[in-house]
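Structure, as structure tokens:
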Amino acid sequence: MDNLAIARVLAEIGDLLEIKNENPFKIRAYRNASETIAHHPDRVAALAPAERLALPGIGKDLAAKIGELVDSGAIAYHQDLLQEFPPTILDLLHLQGVGPKTVALLYHQLGIRTLDDLEAALREGRLRGLKGMGAKKESQMLRALEERTRVAGRRLIAEAYDTAAALVATLREEAPGAVIALVGSLRRGCETCGDLDILAAGAPATLMEAFTGYRQVERVLAHGDTKSSVRIWGGFQADLRLVPGPSAGAALQYFTGSKAHNIVLRDRAIQRGFKLNEYGLYRVDDGALVAGETEEAIYEALGLALVPPELRENRGEIAAAEARSLPQLIVQQDLRGDLHMHTTATDGRADAWAMARAARDSGLEYIAITDHSKALAMANGLDERRALAHAREIRALDGRDDLGGLRVLAGIECDILPDGRLDLAADCLSELDIVIASVHSALDQDESQMTDRLLRAIECPWVDVIAHPTGRRILRREPSRARMDVVFDSALAHGVALEINCQPDRLDLDDGLARRARDRGIGIVIDTDAHSPTALGNLRWGVTVARRAWLQAADVLNTRPFDSFRASLRRNRGAR
DNA sequence: GCCGTTTTCGGCCCGACTGTTTTCAGTCG
């Protein structure tokens, strides 16, 4: 049982308890535990009971319930709740504007248990007369039902960012003197995003009209003096909050989150005799303002160094900020090379020269061209003969004047076949400058097959890097079932580096795995896997993952100067 | 249900907007 499966059951218990109108703090306990487990780097199912008990927010009771779930596949308490409420009732809870109280009311008064039930009841006017149900509520629910499928779920950060950046640019034109910033999960650099949170500090009240009147707005969901929500064409919800200029820092902090980070911070404020909200940090005694204009001042007043937004997840950053031991996070300018990209030789859109030129123009000092191998027939993958001929052409680009002296390595992205063999012969791989190996097929292998497959690839002496190690596609495909802790051990022993792939729907390794790999001492590379010159711009998303993984420049091999990077490759270290 | 530099009991983060209300409950972030 993987962490997400455990987390889902605990979250479901939380939802059901909420419908049941249970103690809100008990509900929070289940949700906290769910979050903790979803983000835990190790398989919680494989932990000893005492180790589970040591996890934050997991006490005797929850540890026992998790044990029950892992051992028997179910939690009796959960099953009992599902006797009381049908599981389909949870779909209702996720409708916009419908919360636990409404769900309970609908269920108890009208026996509504599914979305279809609700729609039928609405159309028959059966909600009228229920407490708190008026005409507007009725049409709000009907609209939520219609929109449910279209706007359901989350979106990739890259997609959200473009939409948000355009909106922010428009608002800045409206209020040039104000602080206008993206906040929320986008500012923290989360891989997906549910809505676009925007903050304006010190802006005139007319900015709100500019926001609700933005040309891309499909519908205004809420419209107040300090807070409004709109639906953007294409399905995003955007929220704008207006605060006074002197509250800029407090509001930035508050709305950036995460919720877990903020709860800890506010608790810390209370312990020190303060109160923290989106307007400032106040002394409880006399209500005096202590800090508010900058985030840094707020953290300082709480005895903390400023925590970078990407780390605000309550995963150890508070303790590090207190000890003044926060990492100096990597920035995009630290990267000197990109070791994974494709050309027209296989499924890329541009030839090697054009990719090299674009890389040079973006400021890189070196690249590796790594087209696909023959197993990827669909992509016109290279066999040994073509791979070596391609390599000769690529090497002819190395250091050329019209490429500004860019160093160009001839490599390959070699498929790892289902049995773990490499797709190309060793005497071909040995001729290349760099080999990255990756899995593109048979992604549904079981745990032992996929683990053995990766181990066997790592044992091949000519493999330098494993690309997109888990094979996940965000929002579309789960990570492979490989036991990553075992894969990490082997990668470390053999000197193989692991990739953070920058394609916005891969971001693989993810932040949690990348952090753990680094902690083990494994070399990390950040690569675009670009199939076109513009895709080289995706480097920023990989850097974002690296920052969320607490990585510093020194942890990432392609921040090194070319000669040093090259010497760090497994084939050049005599590590085989 | 968790947790402890005041604690093993009694706390647990905070505020805005909407709709249906005549002072507030529900929802959301």
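Chain letters run A, B, ... following the sequence lines, proteins first and then strands; every chain starts at 1.
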Have a look at [X] and say if it touches a base, only the backbone sugar-phosphate, or nothing, with a 4.0 Å heavy-atom cut-off.
X      : result
A:N262 : nothing
A:Q140 : nothing
A:Y254 : base
A:D239 : sugar-phosphate
A:L95  : sugar-phosphate
A:Q96  : sugar-phosphate

Can you check the distance between [N] and [M], where both ends of the measurement are the [atom1] atom (answer in whole Å)?
N      : M      : atom1 : answer
B:dA16 : B:dG10 : C1'   : 29 Å
B:dT22 : B:dC28 : C1'   : 24 Å
B:dG19 : B:dG11 : P     : 36 Å
B:dT6  : B:dC12 : C1'   : 16 Å
B:dT21 : B:dT27 : P     : 15 Å
B:dT8  : B:dG1  : C1'   : 14 Å

### Task
Using Watson-Crick or G-U wobble geometry with both distances below 3.5 Å, tell me the partner of B:dT8, or none.
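Check on B:dT8: unpaired, no WC or wobble geometry under 3.5 Å.
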### Message
Quick check for you: among B:dC14, B:dT20, B:dG1, whose closest atom lies nearest to any side-chain atom of A:K136?
### Response
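Nearest nucleotide to the side chain: B:dT20.
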### Task
Give the nucleotide from the list B:dT27, B:dG1, B:dC14 with an atom nearest to the side chain of A:K275.
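That would be B:dC14.
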### Message
Any carboxylate oxygen within less than 4.0 angstrom of a Lys/Arg side-chain nitrogen, looking at A:D285 and A:R283?
### Response
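Judged by the 4.0 Å cut-off on N to carboxylate O distance, A:D285 and A:R283 do not form a salt bridge.
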